[in-house]
Amino acid sequence: MIKLFNTLGHRKQIFRPQHPERVTMYVCGPTVYSWPHVGNARPAVVFDVLYRLLCHFYPQVTYVRNITDVDDKINAAAERAQLDIDVITRRYIDSYHADMRALGVAPPTHEPRVTAHMEEIIAMVQRLVASEHAYVAAAHVLFSVDSFPEYGRLSSRRHADQRAGARVEVAPFKRNPADFVLWKPSTAEQPGWDSPWGRGRPGWHIECSALAMLHLGETLDIHGGGQDLVFPHHENEIAQSVCAHGGRPLCNYWLHNGLLRQHNEKMSKSTGNMRLLRDELQCHDGETLRYAFMATHYRSPLDWNDDTLLTARRNLDRLYGALRGHPPVAAEQPVAVLEALADDLNTPLALTRLHELARRLKRSTDAAKQRHLAGTLRQGGVLLGLLQQDAEQRAAMPSTADPEQVQQLVADRDAARRARDFAAADQLRDCLADLGIAVQDLPDGSSQWSRHSG
RNA sequence: GGCUGGGUGGCAGAAUGGUUAUGCAGCGGAUUGCAAAUCCGUAGAAGCCGGUUCGAUUCCGACCCCAGCCUCCA
């Protein structure tokens, strides 16, 4: 039994999919106009963990995460760089895929691109115009929020109370300032598609409604995204989809991950303190980043700074340290980890369970028990997308030192120790330390080495 | 002005109406040629004021403070 916190209703609920064996999930993917940042990665990781959990409980899980490759920010980026739009979007899509791979994020079932589905988008807009939920004004098609009494329910807002146009100018042709664009005209230089309203391009929200419908049908089980999308993006998606589908709901369980901060300041484009994944991956392995995302509950804000990553790295090293010397064996998945995840994706508690397994493993002196605990620990890691690397390889991996040189120095030092020439042994240890290598002597006279942690 | 979260030990961060969170860092010990790693032990906590209760960090109310949203954002 899985419990999830539903933004629609603001409470934890028992998750019941429409079909007992099938689950549909849609998550808002990136708009590809710049290098992917850590804020893009949080929902990807969070919903990857949910995807793994759902696959554990349900035989058929269909997961759709779109790529928005039509957007004015993309046009602006292309113009700035004096490059074709396709070159820009291709570059950032490739980068997104590479970063997701590094983070251990499994590909979704479908990853539709908006440009590949203009027909579906235009058809949906047509339906909304025909049913008078949308109107044409100044070559734009706008959704009329007054035609949808439920507008504002997801975000608990009555739009009469809002400061309309608090940060943007209200277009003069809107009937209600809260009305939003479904379709807008393109100039000759801008990307555009022929439509009943002339050559143009879709507004921001319609693509998710159309793509969700295309792959998953009218009503989804789960829809996810960042908390910043609750309003207006998801509110608008609901309005469009419900009105286009005869009043049937767009989704039953709305999930939203918390946003990132840096030193208690919000991390965002406007404050200019975004950290890019490609930069973070220069200094840390993807699994460390993944651990950092999971060390805080997904709905809480996450303060992302150097200390966050250092702590994640040390914690992860501890888990891998417990696995050293224990090759993978078949084992069952730890119930305690599963239970933590099933309770609204409590990843911090799940990690605690992993640490408890690691402690029991290190404490045990019984070889059979150790094998079993190591297997269980790795299985717990499978649920979280962690601990699947070879523990020995990982201990050495991020070092820039020449492996043969390291092996030679370690062997020399072992020999010196056997000869009880401790002065020479200590000197060799200093040499290794300069290369970023820490040596640990084992009880049997041999030694084990790893890169310095921290 | 409206709306939404949250304030837990040095740090990060969960659970919980009474009992050890966990990890990192600290301290003491074991181990070690010395270390490291590891193990054992140990200290340290709930913004503030009321209320409910035999008992509240946990429930209720007020206050203070922090963060986010009100059509750029994951």
Side-chain angles (χ1 to χ4, degrees), chain A residues 7 10 27-31 33 36-44 46-47 71-73 145 152 155-170 177-181 203-205 224-233 235-236 256-261 264-271 274 292 295-297 299-303 307-308 310-319 321-322 324 340 343 346-356 358-359 362-365 417 420-423 425-426 429 433 438-443 447-450 452-454:
Chain A
T7 305
H10 304 276
V27 172
C28 292
T31 302
Y33 67 100
H37 52 76
V38 287
N40 291 308
R42 170 115 103 146
V46 163
F47 292 106
D71 186 277
D72 287 354
K73 291 190 289 298
V145 296
S155 52
S156 310
R157 283 159 214 256
R158 291 172 301 155
H159 53 270
D161 295 337
Q162 303 298 303
R163 291 180 174 174
R167 284 191 304 185
V168 286
E169 266 182 73
V170 177
D179 290 350
F180 54 92
V181 171
W204 173 26
H205 317 288
Q227 244 153 31
D228 53 346
L229 298 181
V230 175
F231 189 91
H233 187 55
E235 199 70 74
N236 292 354
H256 293 98
N257 62 273
L259 304 183
L260 290 160
R261 301 179 185 173
N264 213 32
E265 226 193 338
K266 84 165 185 167
M267 196 186 280
S268 75
K269 302 281 165 53
S270 47
T271 48
M274 275 296 180
T296 297
H297 185 87
R299 279 191 288 113
S300 299
L302 168 55
D303 206 295
D307 195 53
T308 312
L310 180 63
T311 305
R313 157 78 171 282
R314 285 187 178 160
N315 278 283
L316 190 56
D317 281 350
R318 181 176 160 77
L319 294 178
R324 289 189 81 168
D343 186 6
N346 194 338
T347 51
L349 186 59
L351 291 174
T352 291
R353 303 294 188 229
L354 254 36
H355 279 284
E356 283 167 357
R359 186 155 40 84
K362 293 300 291 188
R363 193 157 39 182
S364 169
T365 49
R417 281 173 55 235
R420 303 194 68 76
D421 182 356
F422 296 121
D426 288 350
R429 176 158 57 200
V439 233
Q440 292 152 28
D441 299 336
L442 299 175
S447 60
Q448 186 176 65
W449 60 274
S450 55
H452 272 301
S453 51

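Heavy atoms only: backbone and side chains are in, while hydrogens, waters and symmetry mates are out. Keep in mind it's a predicted model, so treat the numbers as computed, not measured.
Judged by atom type and distance alone, Arg429(A) does not reach the base of A36(B) through any side-chain donor-acceptor pair under 3.5 Å. In this model, a side-chain donor or acceptor of Asp441(A) finds a partner on the base of C34(B) within 3.5 Å. Scanning atom types as modelled, no donor and acceptor separated by under 3.5 angstrom connect the side chain of Asp228(A) and the base of G68(B).
Of the candidates C3(B), C39(B), G33(B), the closest approach to any side-chain atom of Ser156(A) belongs to C3(B). Of the candidates A74(B), U22(B), A25(B), the closest approach to any side-chain atom of Thr352(A) belongs to U22(B).
Taking atom P on both G61(B) and U38(B), the two are 46 Å apart, rounded to the nearest angstrom. For the P atom pair drawn from A15(B) and G9(B), the interatomic distance equals 16 Å after rounding to whole Å. Taking atom P in both C27(B) and U32(B), one finds a spacing of 22 Å when rounded to whole Å. Across the C1' atoms, A14(B) and U22(B) are found 8 Å apart, a figure rounded to whole Å. Rounded to whole Å, the P atom of G50(B) lies 13 Å from the corresponding atom of U57(B). U19(B) and U31(B) have their P atoms separated by 36 Å, with the value rounded to a whole Å. Comparing U8(B) with A45(B), their P atoms are spaced 14 Å from each other, to the whole Å. On the C1' atoms, C60(B) is 41 Å away from G41(B), given to the nearest whole Å.
Residue Leu349(A) contributes atom CG, which lies 10 Å from atom P of A14(B) at whole-angstrom precision. Spacing between atom CZ of Arg314(A) and atom C1' of C11(B) amounts to 11 Å, rounded to whole angstrom units. Arg157(A) has its CZ atom 14 Å from the P atom of G68(B), to the nearest Å. One atom, CZ of Arg420(A), and another, P of U32(B), lie 12 Å apart when rounded to the nearest Å. Put simply, CZ on Arg359(A) is 10 Å from C1' on A21(B), counting in whole angstrom units. Distance, Asn264(A) CG to C66(B) P: 10 Å, rounded to whole Å. Spacing between atom CD of Gln440(A) and atom P of C39(B) amounts to 12 Å, rounded to whole angstrom units. The CD-C1' distance, from Gln227(A) to G6(B), rounds to 11 Å in whole Å.
One finds a side-chain N or O of Trp204(A) lying less than 4.0 angstrom from the OP1 or OP2 phosphate oxygen of C73(B). Look at Asn346(A) and you'll find a side-chain N or O under 4.0 angstrom from OP1 or OP2 of A15(B). Look at Arg363(A) and you'll find a side-chain N or O under 4.0 angstrom from OP1 or OP2 of C40(B). Residue Arg318(A) places at least one side-chain N or O under 4.0 Å from the OP1 or OP2 atom of U38(B). Residue Thr296(A) places at least one side-chain N or O closer than 4.0 Å to OP1 or OP2 of G13(B). In this model, the phosphate group of C73(B) is not approached by any side-chain N or O of Lys266(A) to a distance below 4.0 Å at OP1 or OP2.
Using a 4.0 Å heavy-atom cutoff across all strands shown, His297(A) reaches sugar-phosphate atoms only and no base atom. Contact annotation for Ser450(A): no contact, since no heavy-atom pair falls under 4.0 Å across all strands. Note on Asp179(A): a base of the nucleic acid sits closer than 4.0 angstrom, heavy atoms only. At a threshold of 4.0 angstrom between heavy atoms, the contacts of Arg417(A) include nucleobase atoms, whether or not backbone atoms are also involved. Contact annotation for Gly39(A): base contact, defined as any heavy-atom pair under 4.0 Å involving a base atom. Contacts of Leu259(A) with the nucleic acid, taken as non-hydrogen atoms under 4.0 Å apart, include base atoms. Val439(A) comes within 4.0 angstrom of a base, heavy atoms only. Residue contacts shown for Leu260(A) include a base, since a base heavy atom lies under 4.0 Å away.
At a threshold of 4.0 Å, the pair Asp317(A)-Arg314(A) does not count as salt-bridged, since none of the basic side-chain nitrogens sits closer than that to a carboxylate oxygen.
With sequence neighbours left out, the side-chain hydrogen bond (donor to acceptor under 3.5 Å, both in side chains) criterion links Arg359(A) to no other residue. Scanning for side-chain hydrogen bond (donor to acceptor under 3.5 Å, both in side chains) contacts around Lys362(A) gives an empty result, with sequence neighbours left out.
Ring planes of His205(A) and His233(A): tilted class, angle from 30 to 60°.
The nearest heavy atom of RNA chain B to Val38(A) and to Asp307(A) marks one nucleotide each, and the one closer to the 5' end goes with Asp307(A). Comparing Thr311(A) and Ala295(A) against RNA chain B, the residue whose closest nucleotide sits nearer the 5' end is Ala295(A).
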(message) Expected output check: what is the dot-bracket annotation of RNA chain B, where ( ) and [ ] are pairs inside the strand (brackets for crossing ones), | is paired with another strand, and pairs are Watson-Crick or G-U under 3.5 Å?
(response) (((((((..(((.....[...))).(((((.......)))))....(.(((..]....))).))))))))....

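Distance alone, capped at 3.5 Å, places no donor-acceptor pair between the Thr296(A) side chain and the Ala292(A) backbone.
Nearest heavy-atom pair, Ala178(A) versus Val145(A), reported as atom, atom and distance to 0.1 Å: O-CG1, 3.6 Å.
Residues Asp441(A) and Ser447(A) meet the side-chain proximity criterion, which asks for heavy atoms closer than 4.5 Å.
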